[in-house]
Visitor: 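Structure incoming, see below.
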Amino acid sequence: MALMKITEPGVSFNDRSTKRVIGIDLGTTNSLVATVKDGSPEIIPDKEGCELLPSVVYYGDAKQVSVGTDALKFAESNPADTLMSVKRFLGRGIDDIDPETSMHNVTSTSDGVSFVTAMGEVNPIQASAEILSTLSRRANQSLKGDIEGAVITVPAYFNDAQRQATMDAAQVAGLNVIRLLNEPTAAALAYGLESKEKGLIAVYDLGGGTFDISILKLHAGVFEVLATGGDTSLGGDDIDLLLYNWLMEDIGIGTADLEFSMRRQMLAAVKVAKEALSNSESVVVDTSFVKAHKTEVKITQDILTSIISPLVARTILACRRCLKDAGITVNDIDNVVMVGGSTRIVSIQTSISEFFGRELLSGINPDNVVAIGAAQQADILAGNASMNDILLIDVTPLSLGIETMGGLVEKIINRNTAIPVTRAQEFTTYKDGQTGLKLHVVQGERELVKDCRSLAHFELFGIPPMVAGSARIAVTFQVDADGLLSVTAREKTTGREASINVQPALGLDEGEISTILEASFSNAEDDINARKMVEQRVHSRHLLDSLAAALEKDGDGLLNDSEQSEVRFLMDKLENVLLSKEIEKIKDATESLAKKSEYFAMLRMDRSVRDALKGKSVSELSEEVGS
């Protein structure tokens, strides 16, 4: 008798044994949710069949919260309570926000920034959670059950604060995050698994609020990120702003002269014009509502190309650096994947195609490709996919390290290191009897702490009082698969330990990470010289402090007045030279003092040996040596 498999109506055999997992592209302009059904990834639409969910949240007067298209209706009539491009505010401080261009009423809080709405202050995490909750409900209805896990994508260049804020938003939304996945990696995953592409792929991702460029190597089921670059403050919103500023200048109105609602309305008109130029040579913008001397303005492809050319040049510069970091040239690239709605702009496509010298991959909708890759990764991590031997190797975008004496940075994990990763390095105390250690965790490529970004501070206590340099303190950095950092310090003698899950100070310097990298390249020689100077000063200062303590303790007993005077003269000379910026003079003065103090050091050592041997017989010493 033949056996038959029986399922509930509308449920496939695969549905009965697989976990309900989804991939979410939490975007600046639009967000999407996708899943894998019967082995094929697909975007989950809403009840009206719309796949894209505008990343817009409206907070009304009567405890009314609307998300997506419903919220977008209030963008012009009630702009102060309609939050747009929320992603750009995640994990950032008030110093990073330009009130003239943000198109939001923002205020500073202890946790970063908050939006001021009719319903009170709303932070970016809460607003992002509303978007994620809407996508989650959409998936629940489509998959007919609660979601068991989600992979959420983030820009490759999101820092730790931004990644943690994304995780917090997901937690508020009630989502179990399996993994945070870098957007370029998700895009390459989508293309690689669908088309079985092998070789080197450049992923150019220009979304609404961020830009990423990543170089990935695909071979034998391994997706390895060789290098990544970009800017977390560069995207379609910036293109809109450039076009908006040009238009306002053309009609003779200052950008600050418009009321808040009119600014939002004009920006919306500019955005529509930009999108229309993806399919036409020119477009006319109605400006009559602002009572300017022009009632309409014609924008052409050439005008748009000219306006955004500096922005496009910045992305190409990031591409050059990323290729250099990966150790390859443009000619080594096999395919170029374009991701993000902003890549539909004709001049951007032309510029990137010319730079890489090849046609661009466009087989998957650039709006959908990230969500599709996220869904595939979720399916693999949940054990649903038959291709569960696929391995993703991502990288950390910036170097991580700690501050050492003199304000120097000791890098423990270098940028573009594959993650997850654990690295440890031993450090020691600087002063005699030191029983505690303050650790300052930093991020960046510069040699001095003042030029890098501070991530966290914590302290290790209970170190046994020892001579400087005797303690052994292992500092371990661990970056997990989501790109989140934890740091542990352990004193090996006692086993005393302190650790911290890094919750960084909010905000980056102007220009974000791209500026950090640009500064590291342009200041490389100066940074090396500055490091040498600081290292020399630390070495010289250590010699001075050690000698001062030794003279205080043993000077009168081991040196005569003339010998002490000679040493102290050279110490004073070194003290004075330390204030100068001439490293050779500092070196010479240090070497002279070290040479002059050799005799004193030898006398101290001889006395220590005599004290250790005092009162012991030859036979006792023989027994100790023999043992």
Side-chain angles (χ1 to χ4, degrees), residues 399 401-412 414 425-435 437-440 442 445-452 463 465-473 475 520 523-612:
S399 298
I402 67 169
E403 178 179 358
T404 58
M405 282 302 300
L408 294 175
V409 177
E410 184 66 28
K411 295 182 178 71
I412 294 180
N414 291 318
Q425 194 164 326
E426 277 197 9
F427 296 89
T428 189
T429 50
Y430 180 74
K431 293 184 177 180
D432 292 345
Q434 188 173 337
T435 59
L437 190 69
K438 291 183 178 180
L439 292 105
H440 182 195
V442 297
E445 306 310 314
R446 305 289 294 276
E447 298 295 330
L448 302 181
V449 169
K450 68 181 182 66
D451 297 318
C452 290
I463 301 172
M466 310 179 194
V467 176
S470 300
R472 297 172 59 204
I473 301 160
V475 177
S520 72
N523 294 286
E525 185 175 352
D526 290 340
D527 283 355
I528 291 172
N529 291 334
R531 185 180 185 92
K532 288 179 179 178
M533 174 64 81
V534 172
E535 287 176 337
Q536 181 60 55
R537 282 177 172 159
V538 169
H539 171 64
S540 301
R541 172 55 58 193
H542 184 64
L543 176 61
L544 284 169
D545 291 346
S546 299
L547 267 177
L551 287 171
E552 179 72 22
K553 182 179 180 181
D554 298 321
D556 292 338
L558 296 177
L559 298 177
N560 59 39
D561 291 344
S562 175
E563 290 169 334
Q564 286 196 57
S565 295
E566 290 179 3
V567 172
R568 293 188 186 279
F569 171 77
L570 291 176
M571 289 176 68
D572 291 339
K573 182 178 179 181
L574 178 55
E575 282 280 10
N576 293 328
V577 174
L578 273 179
L579 300 175
S580 75
K581 295 182 179 180
E582 299 181 62
I583 191 170
E584 291 303 323
K585 285 187 176 181
I586 298 174
K587 280 183 179 179
D588 291 343
T590 303
E591 289 173 3
S592 296
L593 177 59
K595 187 173 182 180
K596 192 66 179 177
S597 62
E598 284 177 358
Y599 175 66
F600 181 38
M602 182 184 68
L603 292 177
R604 296 189 77 209
M605 185 177 294
D606 287 345
R607 191 169 74 173
S608 296
V609 172
R610 286 197 303 271
D611 290 344

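Here, residue 1 is the first one in the sequence, and each next residue gets the next number. All figures in this text were calculated on a predicted structure; none of them were measured in a lab.
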Visitor: Please name the pair of heavy atoms, one in Leu570 and one in Ser592, separated by the smallest distance, quoted to 0.1 Å.
Guide: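 So the two residues come closest at CD1-O, 3.8 Å.
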Visitor: Looking at residues at least two apart in the chain, or sitting in another chain, which of them share a side chain to side chain donor-acceptor pair (under 3.5 Å) with Gln425?
Guide: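 Gln425 satisfies side chain to side chain donor-acceptor pair (under 3.5 Å) with Glu410 only.
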Visitor: Looking only at heavy atoms, what is the nearest atom pair of Met571 and Ala548, with distance?
Guide: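 Smallest heavy-atom distance, with atoms named: CE-N, 3.9 Å.
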Visitor: Return the set of residues passing salt bridge (Lys or Arg N to Asp or Glu O under 4.0 Å) with Glu575 (not counting sequence neighbours), or none when no residue passes.
Guide: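 Glu575: salt bridge (Lys or Arg N to Asp or Glu O under 4.0 Å) contacts with Arg541.
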Visitor: Sequence neighbours left out, what passes side-chain contact (heavy atoms from CB on, under 4.5 Å) with Asn576? Give chain and number order.
Guide: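 Asn576 satisfies side-chain contact (heavy atoms from CB on, under 4.5 Å) with no residue once adjacent residues are dropped.
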Visitor: Identify, with sequence neighbours excluded, every residue that meets side chain to side chain donor-acceptor pair (under 3.5 Å) alongside Glu426.
Guide: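 Only Arg472, Lys492 meet the side chain to side chain donor-acceptor pair (under 3.5 Å) criterion with Glu426.
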Visitor: Where do Ile586 and Leu574 come nearest, in terms of heavy atoms and distance?
Guide: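 Looking at all heavy atoms of both residues, the closest pair is O-CD1, 3.9 Å.
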Visitor: Return the minimal non-hydrogen interatomic distance between Ile463 and Ile473, and the atom names on each side.
Guide: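 Taking Ile463 first and Ile473 second, the nearest heavy atoms are CD1-CD1, 3.7 Å.
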